[in-house]
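Take a look at the structure below.
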Amino acid sequence: LTEATDYEVYITADCPAGGNSNPISGSFKTACLPLEEIPYTENFDGIGSGATVHPECWVCYNNYNTTQYPYVYSTYSHTGNASLYFYSSSTTYNVAVMPMLDVASYPINTLQVSFFMRSSSDSPRMIVGVMTDPGDITTFEAVDTVSNSTTSTFEYREVLFNNYEGSGAYIAFKLINTSGLASICIDSVVLDYLP
């Protein structure tokens, strides 16, 4: 089977009296395999946009009850036609977790992640970290916090993992906001070796 692929299954019984029973159907999606090649890039283009659209093999969630932030957004982009859009109040968070790394082949402390970031105001910050469980926010371990010097403009950001000593296999982005409502878009994400 192919990773990250939807499958439909139909099962029929071979009846003793001859013939087959009516089919019973079901569906499932195969899991994503760990990343097998570095560099890994994601520009969020060509996958659609909207509150239910997320990059393949990324885990995206929040504690903001009304919408499924972060999601692929077509209004702003650094290159192409989309970015990943985070939106938060001062009491909420958004998390986007990259696909699992094969840390035996690619130890996280040998890597860096670069991306372009656009913020709507001075208050939001993007914390880049590592997680052991992509669905459990309590496993998020911050590595660096980045912000922009200007608003409404994409700026290049880079986070080095050379000092990371944990056992996580997932690089994650977490939006925090210190006041009001604010948004951040990230685009042109590249996971590569440290220089």
Could you check if a side-chain atom of Phe115 sits within less than 4.5 angstrom of a side-chain atom of Glu158, using non-hydrogen atoms only? no
Starting from the C-alpha separation in whole Å, work towards a yes-or-no answer on side-chain contact (heavy atoms from CB on, under 4.5 Å) for Thr153 and Arg118. CA-CA 5 Å; Thr153 302; Arg118 179 189 190 277; 5.9 Å; no
Determine whether Asn81 and Phe44 make a side-chain contact, defined as any pair of heavy atoms from C-beta on separated by less than 4.5 Å. no
Just grab all the salt bridge (charged side-chain N to carboxylate O under 4.0 Å, His left out) pairs involving residues 38-59, residues at least two apart or on different chains. Lys29-Glu56
Residues two or more places apart in sequence or in another chain: which of them pass salt bridge (Lys or Arg N to Asp or Glu O under 4.0 Å) with Arg157? Glu155
Could you give all pairs that pass the salt bridge (charged side-chain N to carboxylate O under 4.0 Å, His left out) test and reach residues 130-151, with sequence neighbours left out? none
Tightest non-hydrogen contact, residues Asn109 and Tyr164, listed as CB-O, 3.4 Å
State which residues pass side chain to side chain contact (heavy atoms under 4.5 Å, CB included) with Val53; sequence neighbours excluded, sorted by chain then number. Ile47, Val72
Compute the centroid of each ring, for Phe116 and then for Tyr156, and state whether the two points are separated by less than 6.0 Å. yes
Under the salt bridge (charged side-chain N to carboxylate O under 4.0 Å, His left out) rule, what pairs show up with a residue in residues 68-92, not counting sequence neighbours? none
Looking at side-chain heavy atoms only, is the closest gap between Ile24 and Tyr10 below 4.5 Å? no
For Val95, the other hydrophobic cluster members (4.5 Å side-chain criterion, sorted by chain and number) are Val59, Tyr61, Tyr93, Val97, Met100, Ile127, Met131, Ile137, Phe140, Tyr170, Ile176
Run the numbers on Tyr73 and Tyr87 for side-chain contact (heavy atoms from CB on, under 4.5 Å), then give the verdict. CA-CA 11 Å; Tyr73 190 60; Tyr87 183 78; over 6 Å; no
Kindly indicate whether the side chain of Leu101, heavy atoms from C-beta on, has any atom under 4.5 Å from the side chain of Ile38. yes
Taking atom types as modelled, is there a side-chain donor on Thr79 or Ser188 under 3.5 Å from an acceptor on the other? yes
Is there side-chain contact between Asn94 and Tyr85, with at least one heavy-atom pair below 4.5 Å? no
